[in-house]
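So you know, we letter chains A, B, ... as the sequences are listed, proteins then strands, and number each from 1.
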Amino acid sequence: MKKLFTVAATVALASAMSVSALAADKLKVGFIYIGPPGDHGWTYQHDQGRKAVEAELGDQVETVYVENVPEGPDAERTITRLARQGAGLIFTTSFGYMDPTLKVAAKFPDVKFEHATGYKRADNVSTYSSRFYEGRYVIGQIAAKMSKSGTAGYIASFPIPEVVRGINSFLLGAQSVNPDFKLKVVWVNSWFDPGKEADAAKVLISQGADIITQHTDSTAAVQVAEEQGVYAFGQASDMSAFAPKALLTSIIDDWSQYYIARTQAVLDGTWESTDTFGGMDAEMVGMGAFENMPADVKAMAEATTAAITSGELHPFTGPIYKQDGSLAAAAGEVIDLGVLLGMDWYVQGVDDQL
Amino acid sequence: MSAYEAILLTIITASTPLLLAAIGELVVERSGVLNLGLEGMMVMGAVCGFAMAQVTGSPWLGVLMAMLAGIAMSMLFAFLTQTLVTNQVATGLSITLLGLGLSGLIGSGFVGMPGIKLEYISIPVLSDLPVVGKLVFGQDPLVYISILLVLGVSYMLKRTRMGLIIRAVGQNHDSAHALGYSVIKVRYACIAFGGMTSGLAGAYLSLVYTPQWIENMTAGRGWIALALVVFSTWLPGRLAAGAYLFGGVWILGLYAQGMGVGIPSQLLSSLPYLATILALIVISTNRRLSVINTPASLGQGFVPDR
């Protein structure tokens, strides 16, 4: 009897890691996820990308993923295990996997690694990210048009450049419509904690924000907005089902094309260490349907999206002032990529301190 | 709704799942059993409650299902630790892992569905009273249930024969056995109660707090509840105070950020833990009381010698 339970427990533990059947000559592509694919946000979209790879190249590759991997030592262990199990290409899909990915990559020079949203590379480590901030500029403009109180609430995860950039871009978009627009920021110090995200949304609404946007991975905040009758934006994937009345649009991450292209490159033997920072032009960032807004706001949002896609408009075009009042970019000047990637300061008008 | 009302309402919502899960675990530990499977039972309650509510359209049936799911998980724990006398710590941990995995499996068909919310109570006139109306008479039903549970458990443990037996079993199972009480049966019952309240806590998350199903939506709340039980020195009143204090500091931290107070958010995020530890240390300085309330047989398996 006891033995039976030991077996049952082992099976239960093993099922936490989902490994498809091994085929000898197929390229094994591994994915490390920060949350569950069922988060309907960040990880969900990466998993959609993984499925796209399976659909497109399923006869030549097999995919493996490990979900809910904490950033830190656990990540290193998990990535190492995937590499040992014969993965030829591994996507690590969260910022905090940066150093673990590099450490493991040094030990497995023949395995190719792709790290999302990081800035450190090696011969066998590429980095890739999306210019989410392009979408944030668009929703910032919509927010400024739709807000009555002139204040939006922003639920942020961790103070890293990617998140700070999004906050700044959102506010710059809003200020392009209403120069006095204010932004309140609450950091929840987690990528995924639906309860805490909901709490933060409630707090921000009670402090006068009538637009809620978030850089966390669940749909909780959007739901609170629906309940309390304020507007919200979806993050990472289309969240309109959760807030049919409150959702204005969603910023959608689309990793499919990139994942297919990189997997194909490994199959062809043309893979090189690169840094990809794709935006609307590369179809890595897309906008959901523009809903619950008057026709003129919708037209403006569509025009801005088109202008960013064509490269006509760059969200970080001066004049841009930092929070302390110093000039970050003169009129007409575009903040360069290096500064964007390491962004650790707020633009003027953010009601928070980093 | 005034700002302070909004704060208090948010605090109550944040504290209630902790309180629900912890009050059951308190009874379990008082009977001498350490069930670390709280998180797993909670998350199973969350998914089963959500699924049932979706299928039947009734959040109340969801709540019932959540309690049954919690009980089912706890019975697995009870069978392993009480009947087969496995190690309680290891078994509890595997219940957590099992619950997290199994709930993901059960819930995979329910991801991305907007949930059905358990309605707030609204009593005509009373709920509209200024200041206290919404706070006292306008909560969701589970808040009242959690408070009744705390009062009930407190009374039961202190004033009833049943409470005396549970405490005896937890203090010294050999003596309780010698007196003729069935240690195993008492513990089974306590574990089932713990499973039920954990299931309720899960239902609170998926039917009230954030009405939807997301994998891992408990996000560690089971562990916080577990810590609250220990730091409350197994007293229901302190447990409730600890849970509300935790929720309070948690929400006020978010408030301070929204106001633009220049305190690092990492510090604010850790404040609830610090404050709870500090407060409970202070109230636990009465050594005598602490020692009396600590279940001496906690975590030890019991094999009756016949």
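Proximity to chain B is absent for every atom of A:Pro244, based on heavy atoms less than 4.5 angstrom apart. Contact annotation for B:Pro17: neither backbone nor side-chain heavy atoms come within less than 4.5 Å of a heavy atom of chain A. With a 4.5 angstrom heavy-atom cutoff, A:Val350 does not touch chain B via any of its atoms. Of the two parts of B:Met113, only the backbone, made up of N, CA, C and O, holds a non-hydrogen atom closer than 4.5 Å to a non-hydrogen atom of chain A. Neither the backbone nor the side chain of A:Glu197 has a heavy atom closer than 4.5 Å to any heavy atom of chain B. With a threshold of 4.5 angstrom between heavy atoms, A:Val185 approaches chain B through N, CA, C or O but not through any side-chain atom. Contact annotation for B:Leu205: neither backbone nor side-chain heavy atoms come within less than 4.5 Å of a heavy atom of chain A.
With rounding to the nearest 0.5 angstrom, the OG atom of A:Ser218 is 12.0 Å from the CG atom of B:Asn216. Here the straight-line distance linking atom OG1 of B:Thr210 with atom CZ of A:Phe242 works out to 10.0 Å at 0.5 Å rounding. Summarising the geometry, atom CD belonging to A:Gln207 is positioned 7.5 Å from atom CD1 belonging to B:Ile7; distances are rounded to the nearest 0.5 Å. Between A:Leu204 atom CG and B:Leu254 atom CG the span is 8.0 Å, to the nearest 0.5 Å. Here the CD-NZ distance, from B:Gln257 to A:Lys184, works out to 11.5 Å after rounding to the nearest 0.5 Å. Separating the CH2 atom in B:Trp213 from the OG1 atom in A:Thr219 is a distance of 12.0 Å, to the nearest 0.5 Å.
Highest contact tally toward chain B, considering only A:Asp351, A:Val188, A:Asp199, is held by A:Asp199 [criterion: heavy-atom pairs under 4.5 Å]. Comparing A:Pro37, A:Ala221, A:Gly41, A:Gly195 by heavy-atom pairs within less than 4.5 Å of chain B, the highest count is held by A:Gly195. Taking chain B as the reference chain and counting heavy-atom pairs below 4.5 Å, the highest number among A:Lys196, A:Met239, A:Glu226 is found for A:Lys196. With chain B as the partner, the residue from A:Tyr44, A:Tyr154, A:Trp187 showing the most heavy-atom pairs under 4.5 Å is A:Trp187.
Put simply, the side chain of B:Thr13 reaches to within 4.5 Å of the side chain of A:Lys202, judged on heavy atoms. A heavy-atom distance below 4.5 Å is found between the side chains of A:Asp193 and B:Arg221.
With hydrogens and angles ignored, the 3.5 Å screen pairs no side-chain donor or acceptor of B:Gln266 with any backbone N or O of A:Asn189.
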